[in-house]
Amino acid sequence: MFVRIAVSVFLISLCSFCLSPQSESTETPPSTSSAPNIVLIYTDDVGYGDVSSYGATEISTPHIDRLAEEGLRFTDAHTTSATCTPSRYGLLTGQYPWRKDGTGIARGDAALIIDPDRFTLPDLLKQAGYATSVVGKWHLGLGPAGGPDWNGEINPSPLDIGFDESFLIPATGDRVPTVYVENRRVVGLDPADPIEVSFSEKVGDEPTGRDNPELLKMHPSHGHDMTIVNGISRIGYMTGGQAARWVDEDMADTITARAVSFIERNQEQPFFLYFSTHDIHVPRVPHPRFVGKSGMGSRGDAMLQLDWSVGQLLQTLDSLQLTDNTIVIFTSDNGPVVDDGYHDEAVEKLGNHTPAGPFRGGKYSVFEAGTRVPLLIRWPSEIAPSVSGALVSQIDFLASLATLTEQSVPSGAATDSQNNLDVLLGDSEENREFLIEHAASGALSLIKGKWKYIEPNDRPFYNENTDTELGNMPEPQLYDLSADQSEQQNVADQHPEVLTEMQTLLKKIRDI
Ligand code: NG6
Ligand code: CA
């Protein structure tokens, strides 16, 4: 109730601001400083069991844990998908990525996947009067059909879908081009040394991991054997842009500093920061000050680096006295993977650590660990610390934040996003009526009540490169998550009526 009242007060004041920012009324104009800032920390490949507040005992993540101690810790929160590009598409658009072609793992030179005409989460917050920024991993494509002009203006870009500013890792750390893009330009590019990128054939004459493994400081375990940059071979070929190339060891420092700067520059007005970390995706090359500190190899060290980045943001909010009225959301884009393509000692030094927590599968998988991720939401002035077992999905962030900021969503936009604000603020523990999970194979799962149905598909059950149970099977699967959260007993044969009901509902949702 307290939260509801406080949120209503905020809504009234923010709404007045939106309607009459130039008001000439003699009354004191409503203060926009009552609008909560929103910092969305979107991590890469962090699993349910990778955070100590979610039960990890082999690693300590004190800064992330602070969010759990001071906010809400969700135990049944999901991304839309078990890989990065589709999850981010769903997060930013409120439309399930499987409704749109071309939302699979994007190439490093993919065109912008989100149509600039589509209403997005940053559009919403901009409309509500927020300063909006994305810092870090993008992986939603850039530029027009055919891909971006790395040597000129990159257009369209996040600036065309609602962000006021952007500082990007264009795709992933393991894909070329290995350069940052700030707003519409590659950072630090020397025009005399233009960038060329290809994912189909070698360009330029730089060595590759395949031909010159002796030049590598980290060797691929599968794929990742094309152009060598900073001693690490990548996915894709690139030449040129030498002065603009990032140094992997400095990446967390670089993007964290950019995020801190955005907060500092916008401290006097409501802001939305989408801080999208590279950690703990491959290649895991943390700064030397974290190397060896986890005892768990580079994956654990990258986790410590991620925790440090979170700490820097929290400290910035503290020092600017913004903590009380800033909503900090910490979550991940998909479940965990240990060997995702490099020999980085993650497998050898994993020890007793369980990245997926109690769940089966991992990144790419149809099983729970594919999409069930940590979700922490802290808003000290409004949310009492607690644990929520409610079934929630990132697809609902858009509609829920629309309710919070009293903005309307245009008809036809974000049609899969439901207002779930009460649950996200800890005012209710009502489960989402149903939840869809989307695996890398394209297969969908449906959760409703205690049941989880996985549709049949003929892709492999197991990926030996990543050592992941993908969970694909030619037969329908049905699990009772209330009794079997690790999806061991397929009870489809015992409950034909439930199976039919789930299949009918999934078809209905798919056909909307
Ligand atoms: C896969 C890559 C993997 C990772 C993934 C995307 C190979 C063999 N594997 O194709 O390393 O880059 O794509 O990860 O190339 S995600 O988190 O961005 O979805
Ligand atoms: Ca990811």
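Counting starts at 1 for both ligands and their atoms, following the listed order. Note that this is a predicted model, so its numbers are computed, not measured.
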Step through it carefully: locate the ring centre of F167, locate the ring centre of Y180, and say whether they are under 6.0 Å apart.
-> yes
Centroid separation H224 to Y342 less than 6.0 Å = yes
Specify the closest pair of heavy atoms between A106 and I113, including all atoms of both residues, with the distance to one decimal.
-> CB-CD1, 3.9 Å
Does the side chain of E455 pick up a donor-acceptor pair with the side chain of S445 at under 3.5 Å?
-> no
Does D279 come within less than 4.0 Å of R299, counting only side-chain N to carboxylate O?
-> no
Compile the protein residues with any heavy atom at a distance under 4.0 Å from an atom of ligand 1; present them by chain, then by number.
-> D44, D45, T83, C84, I105, K137, H139, T172, D174, R175, H222, H224, I235, H281, V282, N334, D340, K363, Y364
Which value, rounded to 10°, describes the OD1(D44)-the Ca ion (ligand 2)-OD1(N334) angle?
-> 150°
Any side-chain heavy-atom pair of L125 and I38 under 4.5 Å = yes
Of all the N, O or S atoms in D333, which one sits nearest to the Ca ion (ligand 2)?
-> OD2
By atom name, which N, O or S atom of D45 is the nearest to the Ca ion (ligand 2)?
-> OD1
NZ or CZ of R185 within 45° of W150 ring axis and under 6.0 Å = no
